[in-house]
Amino acid sequence: MDNEQSAQAAQPQTTAGTGAARPGTRRPGGRTARTRAAVRDAVLTGLTEHGYSGLTVEYVAEHSGVHKTTLYRRWGGVDGLVADTLDLAGEDGWAPPDTGSLDGDLRALALEVVHSFADPAAAAPSSAVIAAAFQSEPAAQALRAYYAERFARCEVVVDRAVARGELPGPRSALDGGALVRAVAAPLFFRLFITREGLDEPDADQAVAIALAAAHAGTFTRDT
């Protein structure tokens, strides 16, 4: 069976709230899943080597082994390929850490950011995808959806903190996503705006500031 047959498209998912199907976003198994993974790897390599402006469908076809007509049919072009790469990244089994304390959980989350970007070579694909979101609106939408889903998974960190009495209730009054964003925001600012790099003291500082804000009621939802 050739690459075009093995990458034969099935019914894609529907993007919530829009009624529009995003190409390539079905969660299949077997050959289709392997094809999608090969395409993702080629997109990440292309973004890392050439940036968004230099990424082409022809490059992805050559490096994934998937015929370019299949790529156009399933993903529509470069924008669809980049967006689906982010969608696929969001389908993993990642869960926030459970250290037994809010401080420990937030510090572990912050250190994940620090360690993920400590090695420039290992961080290059993630950095390239983020850079692409500044040049492509579909990529930007996919990046926002990716992080929104990540922050939604982190709500459990606040659930546990309220249950332990570390944060005042009721739980429904607290915006857990905003708390986690407050930890991540200064770290990503240093990485992508001021280009300063990160170390563990930066993580500790971000956590301390976010915790102080949480105890001051900063992340209480408007009612």
Side-chain angles (χ1 to χ4, degrees), residues 16 25 27 33 37 40-41 44 48 84-131 133 140-221:
T25 55
R27 292 177 172 82
R40 172 206 57 202
D41 292 345
L44 288 175
T48 302
D84 190 52
T85 294
L86 277 161
D87 287 340
L88 188 56
E91 294 175 15
D92 64 6
W94 180 86
D98 185 359
T99 66
S101 72
L102 178 61
D103 178 84
D105 289 351
L106 295 180
R107 188 171 190 273
L109 287 169
L111 289 176
E112 281 192 22
V113 177
V114 173
H115 296 155
S116 294
F117 290 92
D119 179 359
S126 297
S127 299
V129 169
I130 292 171
Q141 292 175 0
L143 187 66
R144 285 194 293 272
Y146 171 83
Y147 276 109
E149 199 273 340
R150 273 295 194 266
F151 290 130
R153 295 191 203 186
C154 290
E155 293 278 351
V156 68
V157 170
V158 179
D159 294 343
R160 296 191 297 247
V162 172
R164 289 190 296 256
E166 294 175 286
L167 289 175
R171 172 64 183 90
S172 59
L174 298 176
D175 187 340
L179 172 54
V180 177
R181 285 184 179 89
V183 174
L187 304 179
F188 279 97
F189 183 90
R190 291 178 65 93
L191 283 168
F192 295 106
I193 304 301
T194 60
R195 309 291 291 176
E196 296 176 75
L198 290 175
D199 53 26
E200 292 193 9
D202 297 318
D204 292 338
Q205 183 183 66
V207 170
I209 293 170
L211 280 173
H215 290 300
T218 301
F219 305 115
T220 301
R221 302 179 195 271

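Since this is a predicted model, take the numbers as computed values, not measurements.
For the atom pair CD (E166) and CG (D103), the distance works out to 8.5 Å, reported to the nearest 0.5 Å. With rounding to the nearest 0.5 angstrom, the CG atom of L174 is 11.0 Å from the OG1 atom of T218. Note that CD of E91 is 11.5 Å distant from CG of L86, once rounded to the nearest 0.5 Å. Annotation: the span from Y147 atom OH to I130 atom CD1 amounts to 4.0 Å, rounded to 0.5 Å. Rounded to the nearest 0.5 Å, atoms CG (D105) and CZ (R107) are 12.5 Å apart. A distance of 9.0 Å separates CG of L198 from CZ of F188, quoted to the nearest 0.5 Å.
Smallest separation of non-hydrogen atoms from L179 and A214: CD1-CB, 4.0 Å. Heavy atoms only, all atoms of each residue included: F219 and A182 are closest at CZ-CB, 3.6 Å. Scanning both residues, V156 and P96, for their nearest heavy atoms gives CG1-CG, 3.5 Å. Counting all heavy atoms, side chain and backbone alike, S127 lies closest to F117 at OG-CE2, 3.8 Å. Across every non-hydrogen atom of A206 and L187, the tightest pair is CB-CD2, 4.1 Å. Minimum interatomic distance between V157 and P97 (heavy atoms only, all atoms of both residues): CG2-O, 4.4 Å.
With a 4.5 Å cut-off on side-chain heavy atoms, E112 and W94 count as touching. Residues P186 and I209 form no side-chain contact, since every pair of their non-hydrogen atoms from C-beta on lies 4.5 Å or further apart. Taking 4.5 Å as the limit, some side-chain heavy atom of V158 sits within range of a side-chain heavy atom of R171. The closest side-chain heavy-atom distance from T85 to L44 is below 4.5 Å. For the pair F192 and R195, the minimum side-chain heavy-atom distance is below 4.5 Å. Using a 4.5 Å heavy-atom cutoff, the side chains of V113 and L191 are in contact.
With R190 contributing its side chain and G197 its backbone, the two residues share a donor-acceptor pair below 3.5 Å.
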Test salt bridge (Lys or Arg N to Asp or Glu O under 4.0 Å) on D175 and R181 and set out the steps.
CA-CA 10 Å; D175 187 340; R181 285 184 179 89; 5.0 Å; no

